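What follows is one structure encoded as structure tokens, with my remarks underneath.
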Amino acid sequence: MINLFDTAISDTVPVVASREQTVGIYVCGATVYGPPHVGHGRFALVYDILWRYLEYAGYKVVFVSNVTDLDDKIIDRANKENRSWRDLAVESETQWWRNMELLNVRKPHHTPHATDYIVQMVELIVKLEEKGYAYRLGDGVYMEVGKLSSYGLLAHQSLDSLKSGARVSVDTSKRSPLDFALWKAAKPGEPTWESPFGPGRPGWHTECVVMASSLLGDDFVLHGGGLDLCFPHHENERAQAQALNIHFAGHWIHNGLVEVGGQKMSKSLGNYVTLEDMFKEHDPSAYRLLVLQSSYRSPVEVTPELMEDAEKALERLNTLARRLEDIRKTANATDLELTDIMSEADIEEKKRNFVNMMEDDLNTPSGVALLFTSLRQANALLDRHDIRSGYQLGKFVVDTFLMLGINSVAPAEVMDPMILELVRARDEARLKQDFVKADELREKIKLLGYMVEDSQSGAQLRNTH
RNA sequence: GGCGGCGUGGCCGAGUGGCUUAGGCAAGGGCCUGCAAAGCCCUGUACCCCAGUUCGAUUCUGGGCGCCGCCUCCA
């Protein structure tokens with residue numbers, strides 16, 4: 001049973017009763033108004049890893065993550081650029097999915113768009129108004145949070161203390177500075193929909209409640225998002241659900257943020273690196289490994305140095321994968337069955353340990369550590385020519401990384417006849433002990449982009465980058 | 001001001017009241033190799049400071065210092 005830290009109760013608790021139960025997960029996704037940055041990449045990776053793990057562990061998962069395609073920021077930016085907000089949203093969303101693909105983040109089962117749920121949002125606001133939780137002002141409909149005794153659950157603060165900390169807003173007509181917009185009245189140059197409260201558009205907090213409960217029902221298991229969404233966004237989602245007696249999220253989980261020089265990366269601070277820029281310099285898989293090597297709740301600094309470290313670690317995995325592939329090609333299946341040096345029970349135990357770590361609040365750093373320890377053991381076994389054990393243990397490592405979304409398939413074989421000829425000539429030179437010539441040829445091959453490494457099964461080629 | 005979190009060896013980063021330790025990167029030594037590379041083996045006198053609890057604390061408690069997040073849009 002997986003245990004996760006639930007922000008609502010500040011404790012790590014079992015989140016799923018049984019593996020038969022379907023785990024509905026809703027994660028607040030992207031607002032599509034610009035290129036996604038490294039911080040967005042992290043949350044996408046974290047929940048992708050959680051989802052993959054849950055399935056691996058035998059849970060049934062329905063994963064939903066929305067696309068906010070209607071929001072102040074989109075409208076502002078589109079107006080600034082003198083273009084249609086829809087175009088901007090569509091273009092940014094395309095960019096989003098392209099980046100997700102590069103990160104090997106799987107597409108959620110459902111990716112609801114805010115603009116497709118306006119009718120349901122209006123219905124929800126009507127209900128809130130009927131129940132007396134909402135009131136109208138000139139510029140929209142507001143949620144009166146003071147009517148909810150449990151407001152502040154996620155912030156871990158009382159209404160009063162939240163109020164005292166609230167920065168004074170220019171607009172003081174609200175009954176409380178904490179009251180938030182459910183419906184924003186139409187303004188010139190903004191998209192609008194008709195409603196009983198006049199033309200306008202829904203507020204962001206309403207979008208997520210409606211999409212989550214529409215697709216997952218009233219009582220889904222997990223609601224996730226970046227730590228910075230905890231308050232007020234998630235608090236406000238909760239408030240609306242509670243006002244309408246919707247059970248809503250069973251547990252609230254939040255991922256830590258990416259930091260730059262000790263400060264959180266965000267669009268508003270302008271200290272962000274886009275994923276696309278990062279991928280120009282680094283392997284997207286290395287970013288996934290970096291994310292796996294830190295606790296999902298901790299802040300993480302993403303520097304070029306750390307990315308390079310992760311890339312080097314990844315290279316060890318790829319080397320092992322290549323080694324296994326060479327073995328697989330030359331051996332029969334029965335040659336690779338386990339011996340008593342490394343029995344099936346030994347590998348099963350490693351799997352169990354791995355699962356235990358993951359179920360302990362998704363402790364991926366420990367899980368990855370176990371995999372690297374196994375990786376070293378596998379290499380050691382192979383070095384000692386215990387091919388069966390080494391192969392099976394190595395396979396466990398490679399397969400488990402694959403499960404986590406890191407694909408370490410050995411690179412395609414080099415077919416370039418010119419390079420193959422150089423390699424052949426070098427082999428010949430080496431046989432004749434003409435090492436000067438052999439080294440010259442190795443240099444030549446290196447210039448063509450390949451490292452030559454001599455192994456027991458002959459010269460091996462691999463990309464130099 | 002309120003609330004929450006963090007401070008581990010050169011860097012990143014798990015974890016634990018003692019026991020045997022994480023793991024990755026870097027560094028040093030060795031094995032292997034024509035040389036490399038890869039791989040393996042060995043090496044690190046780590047737990048912010050001060051008190052307290054304890055036979056014993058990096059781990060628990062209290063205080064201090066420092067850093068961060070949220071209280072406004074933000075993954």
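Letters go in sequence order (proteins before strands), and every chain restarts at 1. Keep in mind that what you see is a predicted model, and the values were worked out from it rather than measured. The figures that follow rest on heavy atoms only: side chains count, while hydrogens, waters and symmetry mates do not.
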If you check every side-chain atom of [X], which of [options] has the closest atom?
X        : options             : answer
A:Glu453 : B:A38, B:G23, B:A75 : B:A38
A:Asp309 : B:C73, B:G34, B:C11 : B:C11
A:Ala369 : B:A14, B:G39, B:A22 : B:A22
A:His205 : B:C73, B:A38, B:C40 : B:C73
A:Asp383 : B:G39, B:G13, B:A75 : B:G39
A:Ser294 : B:C40, B:G13, B:C70 : B:G13
A:Arg376 : B:C40, B:A22, B:G34 : B:C40
A:Arg426 : B:C73, B:G34, B:G24 : B:G34
A:Met265 : B:G34, B:G2, B:A75  : B:A75
A:Asp454 : B:G2, B:G34, B:G69  : B:G34

Distance criterion of 3.5 Å, no angle test: do you see the side chain of [X] paired donor-to-acceptor with the base of [N]?
X        : N     : value
A:Lys264 : B:C74 : yes
A:Lys267 : B:C74 : no
A:Asp228 : B:C73 : no
A:Asp439 : B:G34 : yes
A:Arg316 : B:A38 : no

Atom [atom1], compared across [N] and [M]: separation rounded to whole Å:
N     : M     : atom1 : result
B:U45 : B:U8  : C1'   : 15 Å
B:G7  : B:A14 : P     : 8 Å
B:G39 : B:C32 : C1'   : 9 Å
B:C3  : B:G10 : C1'   : 36 Å
B:A57 : B:C48 : C1'   : 15 Å
B:C65 : B:U54 : P     : 27 Å
B:A38 : B:C25 : P     : 11 Å

- [ ] Report yes if the ring of A:Phe435 lies under 5.5 Å from the six-membered base ring of B:G34 with planes under 30°, and no otherwise.
- [x] yes
Task: Check: A:Asp6 side chain, A:Trp252 main-chain N or O, donor-acceptor pair, under 3.5 Å - done: yes
Open item on the list: Could you walk me through whether A:Gln240 and A:Leu182 satisfy the side chain to side chain contact (heavy atoms under 4.5 Å, CB included) test, starting with their C-alpha distance in whole Å, then the side-chain angles of each, then the deciding distance to 0.1 Å, before giving a yes or no?
Closed with: CA-CA 9 Å; A:Gln240 294 168 81; A:Leu182 297 164; 3.4 Å; yes
- [ ] Check the angle between the aromatic planes of A:His234 and A:His223 and answer parallel, tilted or perpendicular using the 30° and 60° thresholds.
- [x] perpendicular
Open item on the list: Nearest 0.5 angstrom please: A:Met451 CE to A:Gln460 CD, how far?
Closed with: 12.5 Å
Task: Ring-face cation contact, A:Tyr142 with A:Arg175, 6.0 Å cut, 45° max - done: no
TODO: Between A:Glu259 and A:Trp204, just flag the one whose closest nucleotide in RNA chain B comes earlier from the 5' side.
DONE: A:Glu259
